[in-house]
Structure formats: structure tokens, C-alpha cells
Amino acid sequence: MNRVIRENVRDFDLDHIFDCGQAFRWSRQPDGSYTGIAGNRIANIQFEPCQGPGGQGRLTLSNVTEEDFDTFWNDYLDLDRDYGRIKKELAERDPIIKKAIDCGRGIRLLQQDKWETLLSFIISQNNHIPRIKKCIEALCRQFGQKAGQLDGLSYYTFPDPEALAVLEPEDLAECRLGYRAKYLIGTARKVVADGADMLESMGSPDVTAAEAFEYITGFPGVGPKVANCILLFSMGKYDCFPVDVWMKKVMKQLYGLETAKEIDAFASRAFGQYGGIAQQYLFYYIRETGRGER
DNA sequence: GGCCAGGGGATTA
DNA sequence: TAATCCCATGGC
């Protein structure tokens, strides 16, 4: 099997990356590696930390060629971004966040597909991560293309906008999307009508987070929370700071902030252009430490 | 601008 | 088992 190895990878932890609610199509294997699909590419990702300070380690991607790695996985895993520097900067600007950064120190923000992220976060609303994964797998199995097999399991691509645009809500009954089914279809139809290029163009550095926010909240089922997740996880708008019940909880616990308005104002002041990355450390921290107390 | 339906599985009591 | 909750939105 094709295999790509990179040594001395820093600021990287598979559990932090794949268990912080940003991606739904990866599953943890018994050996701690993760197997999943992005586009039509199926991969297993393994990380072996080295002993000693620095936290660097060896990254191994299986079922991946050097060309796949250079043209796709390197960016998908956001390996060219210096998270060490970002963490240092955040911790200097705000001492309180330091313990959250230590907790989720290996987080990286995946550069995911815009259409898949748009739909995935419409599904995520008012929903649990295990159930979101189930809904998405059912959707891909029923309306995606078979992409291949790895370790005896079949993987399916995320369905195209065109494939969903022609459906009616009852066609999605088996995916158990509930009231979200009509949002998915409405959004697919608008993507087809506007042209997928329109959605793609929102990822351009020339388009501000505010402009992209304006456009994507025009899709049915996309409000402020969902929009901020899409901007952060697929459009490179790292200043976005999605606020959900967990974020409200951690912002109250660590900073004494109660309202969404206070939280937004504080985030842009304290974290600036890296608000979204700060958000991921805080989210991971409260999920790790704050379960059960409510 | 505040309230509440709508879906259904996961989690908690 | 039953009750509650869930990375909200849309419509009133």
C-alpha cells in the first residue's frame, strides 16, 4: 500500500484534531490512528509522538501517494501553518487561555470542502456528534458514489449538490435528518441555481468573513452559529468565533461572560485574527473537563 | 424581539 | 426506564 511519512511534525495530535467537532467522516481505530475520507480520497492517518520536549513526531498516511500528499493532504491537514507561533501569540495576549491551549495543544483546523462543510453543519444544528456522523454516513451511502475500500470497509463520497437538488424531503427519510431534510434540499437547490463557483469564491482571501457570512446565511438552515463554523472550517476565515452552548459555558467559567454579545466583543478584542483557533482550544477544553457539570 | 415547534438518538437522572 | 439535552433556525 502507498505510504507517506513525514518526520518532526509539530503541534499535532489526532484525537485533538478529529475529536473537536470540526469533521465528521473520520473514525478512530483501535491503534489510535484515524481512517476516513475527504473528497474521493480514503486514508489512514497515524501519528507517533517522539519522546522528549517539543512534542514533535512522525506522521504516516497510508493509502496515500507522495503526489496526493503534496497536492491535497498537506493543505487538508493544514501542515504549513505554524501553530506553535499562534499558540504563543494567543497565550501572550491572554493568560487565561493558556490552560485550554495546553489541553488541546495538537489541534489543527482542517481545510475542508465547502459544500460538504455547509451541509454537515446544517445537519449539526441542535444535534449530537455521534448522530451527526450517522446522518452523514447514511446520506453518503445512499446518494454518494462508492470511492473504494480500505481495511475491508467501503467508503462513499459526499453527494453532489445536483444529486440532492432533485430530491424531496421524504427521499431523505432513511437518513433520519428530521426537520433538517428540507434545509439540505433547499440549500442544494440554491447552490445549483447560484453555481457552485459562487460558494467556492467565498474561500478567497479577498472575500472578508463578513461578506462570506452574508452570503452563506442566505441558505435555508444556516444561521449565525452554523455560518461561523462553515467559515472557519472550510473557508479559511480564522477570525470567526462560533458560539454554542459549550462555548457559552467555557466563556462563563473562564471569563465570566454571559451574553453572546459580550462573548463576541471579547473574542475579537482578545484573540483578533486567530479567534477561530482560540475557539477550538476553548471548545476542546470544556468538552474534556466540563462534561457532567451543568 | 421573545417564544416555540420540530426529530430523534444520545446522555443523564 | 424516563427525562433531558443537543455545536439552532425559521416563523410567528
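All values below were derived from every heavy atom in this structure, side-chain atoms included, with hydrogens, water molecules and symmetry-related copies excluded. We name chains A, B, ... by the order of the sequence lines, and we start the count at 1 in each one.
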Determine, for [Y] and [X], whether the Lys NZ or Arg CZ falls below 6.0 Å from the six-membered ring centre while staying within 45 degrees of the axis.
X: Arg41(A); Y: Trp73(A); value: no
X: Arg81(A); Y: Tyr238(A); value: yes
X: Lys133(A); Y: Phe24(A); value: no
X: Arg6(A); Y: Phe69(A); value: yes
X: Arg10(A); Y: Tyr83(A); value: no

Which listed nucleotide ([options]) is nearest to the side chain of [X]?
X: Pro220(A); options: dG10(C), dC7(C), dA8(C); result: dG10(C)
X: Pro224(A); options: dG10(C), dC6(C), dT9(C); result: dT9(C)
X: His128(A); options: dG9(B), dA8(C), dT11(B); result: dG9(B)

For atom [atom1] of [X] and atom [atom2] of [N], their distance in whole Å:
X: Asp244(A); N: dC7(C); atom1: CG; atom2: P; result: 7 Å
X: Ile122(A); N: dT9(C); atom1: CD1; atom2: P; result: 10 Å
X: Lys190(A); N: dG10(C); atom1: NZ; atom2: P; result: 12 Å
X: Tyr179(A); N: dA5(B); atom1: OH; atom2: C1'; result: 10 Å
X: Lys249(A); N: dC6(C); atom1: NZ; atom2: P; result: 9 Å
X: Tyr183(A); N: dG6(B); atom1: OH; atom2: P; result: 12 Å
X: Lys133(A); N: dT11(B); atom1: NZ; atom2: P; result: 11 Å
X: Ile263(A); N: dC7(C); atom1: CD1; atom2: P; result: 16 Å

Given the [atom1] atoms of [N] and [M], what is the spacing between them in whole Å?
N: dG2(B); M: dA8(C); atom1: C1'; result: 15 Å
N: dT9(C); M: dT11(B); atom1: P; result: 23 Å
N: dC7(C); M: dA13(B); atom1: P; result: 15 Å

Determine the contact category for [X]: base if any of its heavy atoms lies under 4.0 Å from a base atom, sugar-phosphate if only primed atoms, P, OP1 or OP2 are that close, otherwise nothing.
X: Gly221(A); value: sugar-phosphate
X: Cys175(A); value: nothing
X: Phe121(A); value: nothing
X: Tyr284(A); value: nothing
X: Ile132(A); value: nothing
X: Val222(A); value: sugar-phosphate

Taking every heavy atom of Cys240(A) against every heavy atom of Leu232(A), the minimum-distance pair comes out as O-CD2, 4.1 Å

Any side-chain N or O of Lys134(A) under 4.0 Å from OP1/OP2 of dA10(B)?
-> yes

Taking for each residue the nucleotide of DNA chain B with the nearest heavy atom, is it Asn126(A) or Pro130(A) whose nucleotide lies nearer the 5' end?
-> Asn126(A)

Of Phe219(A) and Phe283(A), the one whose closest DNA chain C nucleotide lies more 5' = Phe283(A)

Just name whichever nucleotide pairs with dT9(C), Watson-Crick or G-U, keeping both distances under 3.5 Å, else none.
-> dA5(B)

